[in-house]
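This report refers to the structure that appears directly beneath it.
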Amino acid sequence: MTIQINNVLTRQKSPFVPVEENKLKIYVCGVTVYGRCHVGHLRCYLSFDAILRYFAHKGFDINYCRNFTDIDDKIIARAREIEAGKDGQWTQNAAYADYDDTQWQERFAEDEIIRKRAESSERHLAEIVSDYFIDIFTNEDFGPFDLYPATSEPRVSQHIPEVIDLIQKIIDNGFAYESGGDVYFDVAAYHAKTGAYGKLSGRDFTQLMEGARVTPGDKKRNAPDFALWKSAAPNEPTWTSPWGQGRPGWHIECSAMSDKELGTPFDIHGGGKDLIFPHHENEIAQSEAGLGHAFCNTWMHNGFVTVDGVKMSKSLGNFITIQEALKMAPPEVWRTVVLSTHYASPIDFSRTRKENEGEEAVRGTIDIAFDRLEYFYETLKRADEAVGEEAIADTAKLLDDDRGTKITDTFESMMNDDFNTARAMASIGDSMKYVNELCDMKAKAIKKLDGGRDSWRLTLQTAATELRKVLGVLNICNQSPSAALASMRDFSARQKGIDTEKVNGLMAERAAARAEKNWARSDEIRDELLTLGVELRDGVSGSDWKVIRS
RNA sequence: GGCGCCGUCGCCAAGUGGUAAGGCAGAGGUCUGCAAAACCUCCAUCACCAGUUCGAAUCUGGUCGGCGCCUCCA
């Protein structure tokens, strides 16, 4: 059974055929490091994480390249803002519109750190800025998420020779021109030769040419042309090139670095849907123009994270940063949220924020995922306890029910279909239900089974093992259930401001009341706990409690 | 304005020609001191209209509504 992927380039779902057998060469567009990441970035990298892990599970030897764009107008702009200082003259874009005092404080504290670092360095402030945010990306924003490690994380600033080399090839092939120190890609020339411009984004070349005019004074020949190399402006980081001092344009780094790290053509190029045009379209054009052969076979794009139906983006200022997200739920819950939706579909968070009076109370995406994850862990815990420590007799045989043995097969068939993690999660949920069903069996019924208790235990053990295997591929439920449940409860208690000491005191008091069969007092305490936001769970081996979410 | 995507149960969300996965919420039940949890049962014909087809949520055309890209964007 092969993996079917919806290829944006061909607009078809087709079997994945790697360039080299059993190898996956994949490039996922990284971030431009000028600020902290938000949930949109998180969604992207978590979506591709599941895809990467599934390829690894299928035995692929993975070469995964995820770049850092560390030379860019916005990085330079941030450097200028820092230079100007808190009270200096700089234009605030929409991203700052909703900033409150705390955010401004954090912002200026961050600026201060960067400024300090710059003082003890010979390097350009913009380079300090990008270094700083690469560090934040790696350690603070994505550190807690345990992403599948990239084979390489190239930075443009360290690949200037490769960039220059590629630009030169494009010029030599007649698809780029120098103009006043800049170098532009000649979209018209490229399209005349190949007819290929617009093949990824479905844009019509003629309309692109008509659509926009070249403004007077522009160094471009035609509107769709884009810069491969930008000549130096005052106070910018620059490098020496055959066309003078300057720096790379936006798209060229991905072309140069993917060719270097993966070789071309490579298998999969991924990123957010918003990169399709112009970024990826231009990447294809310049790469194929320079290299003279195909660039990448399969293009995959993840859907947006939206807020009230509108795309989350820095320029709109409607984003939830990853740091804020981590206060809302632990990393594993966020992963569960992302996995519950197909990678190409949007994820909307409006319901988690919109709690208007009169609106039907609906539980938020995060709370549902939180409870779902707890359900998974609770089920695994039950299974572990049911199986126990003692050895299972050799005479044990699996019960005649394939629900416990086809877990991996079902999972793979879901994942093979364009990495449908939503269906995979649903099938895991079905298996969890089956495990609970087994755990609910009465001792009498278990005895009557063919092979008795040992067969029952063997079946449970097999199902739990398979479940852990597929959950491991999705990189959730990897911890010991008890530890995970305890930390999730702590998280919720802290978040809701629940006094754990007080709850434990009430629990003890209730246990005493129950021992005396003082049901009235016992129920009274239950109600009291309920008002605290705590739900009781009485079991055979004593009572436990859980924080009610939402 | 151009190009493109989407509209599936109260909410979320799979499903791209063969007769609607799953989750949340809701109803009933088993279990329980009573509950909770767990498990069982029930709960949609797919925005609207017309067409193609033996057969459509899935294809075509139109209408209405939402969004995205076209400037930076995961």
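Residue numbering restarts at 1 for every chain, and letters A, B, ... go by the order of the sequence lines.
Comparing A/Asp417 and A/Tyr375 by the nucleotide of RNA chain B that holds the closest heavy atom to each, the one mapping nearer the 5' end is A/Asp417. Where A/Arg11 and A/Arg382 each meet RNA chain B at their nearest nucleotide, the meeting point lying more 5' is that of A/Arg11.
Closest to the A/Arg203 side chain, of the nucleotides B/C69, B/C31, B/A21, is B/C69. Residue A/Ala426 has its side chain nearest to B/G22 when only B/G33, B/A74, B/G22 are considered.
Contact annotation for A/Thr341: backbone-only contact, meaning every heavy-atom pair under 4.0 Å involves sugar-phosphate atoms and none involves a base. No engagement by A/Met425 is indicated, since no non-hydrogen atom pair under 4.0 Å with the nucleic acid exists. At a threshold of 4.0 angstrom between heavy atoms, the contacts of A/His342 are confined to the sugar-phosphate backbone, with no base atom among them. A/Asn436 comes within 4.0 angstrom of sugar-phosphate atoms only, judged by non-hydrogen atoms across all strands, and of no base. Within 4.0 Å (heavy atoms only), A/Arg510 reaches at least one base atom of the nucleic acid. Nucleic acid contact class of A/Gly40 (heavy atoms, under 4.0 Å, all strands): base. Here A/Gly303 lies in heavy-atom contact (under 4.0 Å) with a base. At the heavy-atom level, A/Lys433 lies under 4.0 Å from the strands shown only through sugar-phosphate atoms. Across all strands shown, A/Val28 has no heavy atoms under 4.0 Å from either base or sugar-phosphate atoms. At a threshold of 4.0 angstrom between heavy atoms, the contacts of A/Asp538 include nucleobase atoms, whether or not backbone atoms are also involved.
Taking 4.0 angstrom as the limit, A/Ser345 places a side-chain polar atom (N or O) nearer than this to OP1 or OP2 of B/A14. Applying the 4.0 Å criterion to OP1 and OP2 of B/C69, one finds that A/Lys311 has a side-chain N or O inside that range.
For the pair A/Glu385 CD and B/A37 C1', the interatomic distance rounds to 14 Å; values are reported in whole Å. Here the C1' atom of nucleotide B/G2 and the CZ atom of A/Phe205 are 16 Å apart, to the nearest Å. Rounded to whole angstrom, the span from the CG atom of A/Asp371 across to the P atom of B/A36 amounts to 15 Å. Rounded to a whole Å, the CD atom of A/Glu281 is 13 Å from the P atom of B/G4.
Of the possible donor and acceptor atoms, one in the side chain of A/Arg335 sits under 3.5 Å from a partner among the backbone N and O of A/Phe145.
For B/G33, the base has a donor-acceptor partner in the side chain of A/Ser522 [N/O atoms by modelled type, under 3.5 angstrom]. If you check distances only, the side chain of A/Asp523 does reach the base of B/G33 with a donor-acceptor pair under 3.5 Å. Remark: the A/Arg526 side chain and the B/A35 base include a donor-acceptor N/O pair separated by less than 3.5 Å.
B/G68 and B/C3 make up a base pair, with Watson-Crick or G-U wobble contacts both under 3.5 Å.
In this structure, A/His269 and A/Tyr27 have tilted ring planes: the angle between them lies in the 30° to 60° band.
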